[in-house]
Protein chains: 2
Amino acid sequence: MHAYTTSRIEAQSRSPQPNPPETFHPALLQPLNFFPAGAGIYAQGEKAGVFYQVEFGAVRIYRLLADGRRQISAFHLAGETFGFEGGATHHFFAEAINATGIRVFRIAAGADMSHQLLPLALKGLTRAQEHLLVLGRQNAIERVAAFLVDMAERQGGLRKIELPMSRMDIGDYLGLTIETVSRVFTRLKKKGVIRLISLRSIEIAKHDALQNMSE
Amino acid sequence: MHAYTTSRIEAQSRSPQPNPPETFHPALLQPLNFFPAGAGIYAQGEKAGVFYQVEFGAVRIYRLLADGRRQISAFHLAGETFGFEGGATHHFFAEAINATGIRVFRIAAGADMSHQLLPLALKGLTRAQEHLLVLGRQNAIERVAAFLVDMAERQGGLRKIELPMSRMDIGDYLGLTIETVSRVFTRLKKKGVIRLISLRSIEIAKHDALQNMSE
DNA sequence: ATGTCCCTACGGGGAATTACCTATAACCAC
DNA sequence: GTGGTTATAGGTAATTCCCCGTAGGGACAT
């Protein structure tokens, strides 16, 4: 794990959370670790800690094929937890997308955290299985619509949402190329469903239409 | 849940398990429920029990889109467990593929089973995330190869493997049509990588080649 | 065993979607 | 401003889907 600094960093206020972030026993609390954009948090094959919580910023979880193809299995925003593993080692890579603050929670010797981790694992499992439907059976527009609806929900259901990740990250999350992602954004814009305020900031003009497109 | 009979059924011997099936506290043991081919075990939106274990037969877990498109997120073979949910209701459908025997494990009042369920949930999470890579970034041959390698591992690594599910199930699991699945099977056969003993029974002639194809 | 029926799987051709490649445009940091 | 990165756009190519018809395998009765 590449911790660029372990000193305490002033955390900026979190974006509104539809599901309030989990809180854990203070004795387990670790200082905030800071990761600059693109920094690895852990790598496939590394020994697994227990779990991580995003304080601010955003994280991508991904896996690679030998020829470089990449599948991002999840994004994690402020307040969300990730990184728990079944075995002793990580099966995926985790990287900071932007400047990101992470808290690492470790098991106190002998403590049984399964009671706290199980709901997190089950939530992640449901999320992953729902994403399987998107990747396996939805077309490009449906995929992007589902992604935007999900991001909007996780940012409190506001009209204006921030996309902390690049088009390439979005493509690798949705199983599309950046060109297709870009074209779908343009199509949604022409239909008046979304407005592109800037590259990483969009406004959802017709939430119902977007919801319908995601099926 | 559609339990066609709750009477005890003579369970046939399980196929060899690379990972021995979990065993649970006998006080929680429920009688074996029998489901004929195609029978629903639970449906999306139903109240969730705790979890289920396949005694014999096979189960498919899936989700539907409004227009009927289906994504199977997992198959479960003899000895495997499934059906634990984050919330109070099921998010997916579960059906018996063939004649199948299932044990239902319920939480004893006040008992905390998270210690037993967490490893199962984490294993399922890793499986689902690995499947995301297949659906998002692999082509038809790679998908089928990955599927066959997985099925072979779960059946003890033998050369001859049984596919309890139809081509349509395989297609809906891999995000392909039955035609494409069929064509890939034919291509693999022509290459001498597999032999089709019968429709539901194949022999892996070149396991290394298959492994390489799955990347 | 053998024949028949029926369901499932296989195969071919055209169509649609998306990927790949190249070029241009927009954005951002310095 | 200016340079470099990232996103958008268009054309072509490849993959896979969709629709059709045919073939094959298993179950059952004879």
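Letters A, B, ... mirror the listed sequences (proteins, then strands); counts begin at 1.
The interatomic distance linking B:Gln138 (CD) with C:dA19 (C1') rounds to 16 Å, in whole Å. C:dC10 atom P lies 12 Å from atom CG of B:Leu188, rounded to whole Å. One atom, CG of A:Asp169, and another, C1' of D:dT5, lie 14 Å apart when rounded to the nearest Å. C:dC28 atom C1' lies 13 Å from atom CG of A:Asn98, rounded to whole Å. Between B:Arg69 atom CZ and D:dC17 atom P there is a gap of 12 Å when expressed in whole angstrom units. The distance from atom CD1 of B:Ile197 to atom P of D:dG26 is 12 Å, rounded to the nearest whole Å. Across the protein-nucleic acid pair, A:Asp67 atom CG and C:dC20 atom C1' stand 14 Å apart, rounded to whole Å. Atom CD of B:Glu142 is separated from atom P of D:dT15 by 11 Å (rounded to the nearest Å).
In terms of position on DNA chain D, the residue among A:Lys190 and A:Arg137 whose nearest nucleotide sits closer to the 5' end is A:Lys190. Nearest-nucleotide mapping onto DNA chain C: of A:Ser198 and A:Arg187, the residue sitting toward the 5' end is A:Arg187.
Close placement of the A:Tyr42 and A:Tyr52 rings is indicated, their centers lying within 6.0 Å of each other.
Sorted by first and then second residue, the ring-ring contact (aromatic ring centres under 6.0 Å, His included) pairs with a member in residues 154-178 of chain A read A:Phe75-A:Tyr173, A:His131-A:Tyr173, A:Phe147-A:Tyr173; sequence neighbours excluded. The ring-ring contact (aromatic ring centres under 6.0 Å, His included) analysis of residues 196-215 of chain A, with sequence neighbours excluded, yields no pairs.
Scanning for side-chain contact (heavy atoms from CB on, under 4.5 Å) contacts around A:Thr100 gives A:Val54, A:Val59, A:Ala96, A:Ile102, with sequence neighbours left out. Checked against side-chain hydrogen bond (donor to acceptor under 3.5 Å, both in side chains), A:Thr177 has the following partners two or more places apart in sequence or in another chain: A:Glu179, A:Thr180. Listed by chain and residue number, B:Glu85, B:His90 satisfy the side-chain contact (heavy atoms from CB on, under 4.5 Å) test with B:Ala48 (two or more places apart in sequence, or in another chain). Applying the side-chain contact (heavy atoms from CB on, under 4.5 Å) rule to A:Gln138 yields the partners A:Val134, A:Glu142, A:Arg143, A:Ala146, A:Glu215, B:Leu65; only residues at least two apart in sequence or on another chain are considered. A:Asp67 meets the salt bridge (charged side-chain N to carboxylate O under 4.0 Å, His left out) test with A:Arg69; sequence neighbours excluded. Scored by the salt bridge (charged side-chain N to carboxylate O under 4.0 Å, His left out) test, A:Arg167 finds no partners at all (sequence neighbours excluded).
Across its full length, the helix from C:dA1-D:dT30 to C:dC30-D:dG1 shows an angle of 50° between the axes of its 5 terminal pairs at either end, rounded to 10 degrees.
No contact: A:Gly171 has no heavy atom under 4.0 Å from any strand.
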Please tabulate the protein-to-nucleotide N/O contacts below 3.5 Å involving nucleotides 18-20 of chain D, giving atom names and distances.
| unit_1 | atom_1 | unit_2 | atom_2 | d |
| --- | --- | --- | --- | --- |
| D:dC18 | N4 | B:Arg183 | NH2 | 3.4 |
| D:dC19 | N4 | B:Glu179 | OE2 | 2.9 |

Atom pairs, protein N/O to nucleotides 5-9 of chain C N/O, distance under 3.5 Å:
| unit_1 | atom_1 | unit_2 | atom_2 | d |
| --- | --- | --- | --- | --- |
| C:dA9 | OP1 | B:Arg167 | N | 2.7 |

Got a list of side-chain donor-acceptor pairs under 3.5 Å for residues 184-195 of chain A, not counting sequence neighbours?
| unit_1 | atom_1 | unit_2 | atom_2 | d |
| --- | --- | --- | --- | --- |
| A:Thr186 | OG1 | A:Ser182 | O | 3.0 |
| A:Arg195 | NH2 | A:Glu203 | OE1 | 3.2 |

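Of the candidates B:Ile178, B:Val181, B:Leu174, B:Ile97, B:Asp169 forms a side-chain contact (heavy atoms from CB on, under 4.5 Å) with just one, namely B:Ile97.
Salt bridge present: B:Asp172 and A:Arg137 bring a charged side-chain N and a carboxylate O closer than 4.0 Å.
Checking D:dT16, D:dT8, C:dC10 against the side-chain heavy atoms of B:Asn139 singles out D:dT16 as nearest.
Not one side-chain nitrogen or oxygen of A:Thr180 sits closer than 4.0 Å to the OP1 or OP2 atom of C:dT17.
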